[in-house]
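What follows is one structure encoded as structure tokens, with my remarks underneath.
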Amino acid sequence: LIVSFTLPLYFTLSGLKTDVTTIRSKEEAAITVLVCAVASIGKFVGCGGTAWLSGMNCRESSVVALLMNTRGLVELIVLNLGLEA
């Protein structure tokens, strides 16, 4: 019960600490979008493809891929903790 209440709050606070106003140029914005797109596509293809090859149907493997994409929040928290240290 405690984890289901505090974990979303922690993710929210960590996400609010992310400062996108430090992206100053179009090149930095393009790199940011490119990195996010490559990470999302990589997770979708890697996890979804593996699930599909393991015998799941297309819909189930897509769900696995989409849920795995939410794991990027953990990476965001690790990066924010690194910046605070």
Side-chain angles (χ1 to χ4, degrees):
L1 178 68
I2 292 175
V3 171
S4 64
F5 179 71
T6 58
L7 195 59
L9 289 176
Y10 185 70
F11 282 140
T12 302
L13 292 174
S14 180
L16 289 173
K17 289 181 186 177
T18 304
D19 188 12
V20 294
T21 60
T22 59
I23 301 173
R24 302 274 184 221
S25 65
K26 290 181 181 180
E27 291 83 15
E28 290 176 350
I31 289 172
T32 302
V33 169
L34 180 66
V35 167
C36 290
V38 168
S40 295
I41 291 168
K43 286 181 183 180
F44 194 86
V45 170
C47 296
T50 303
W52 183 71
L53 290 173
S54 297
M56 290 185 173
N57 63 30
C58 188
R59 181 181 170 130
E60 290 172 340
S61 60
S62 295
V63 169
V64 169
L66 289 173
L67 289 174
M68 195 59 186
N69 232 347
T70 62
R71 296 292 298 164
L73 292 173
V74 174
E75 296 157 2
L76 177 66
I77 288 174
V78 170
L79 288 173
N80 280 329
L81 289 175
L83 286 173
E84 288 177 5

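In this structure, Val38 belongs to a hydrophobic cluster whose other members, linked by side-chain heavy atoms under 4.5 Å apart, are Leu34. Taking a 4.5 Å side-chain heavy-atom cut-off between Ile, Leu, Val, Met, Phe, Trp and Tyr, the cluster of Leu16 contains only that residue.
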Show me the donor-acceptor pairs, under 3.5 Å and distance only, between side chains in residues 46-56 and residues at least two apart or in other chains.
| from | atom 1 | to | atom 2 | distance (Å) |
| --- | --- | --- | --- | --- |
| Thr50 | OG1 | Gly46 | O | 2.6 |
| Ser54 | OG | Thr50 | O | 2.8 |

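Nearest heavy-atom pair across Lys43 and Met68 is CD-O, 3.9 Å.
Looking at residues two or more places apart in sequence or on another chain, you find a side-chain contact (heavy atoms from CB on, under 4.5 Å) between Ser25 and Glu27, Glu28.
Here Leu67 contributes atom CG and Ser62 contributes atom OG; the two are 10.5 Å apart, rounded to the nearest 0.5 Å.
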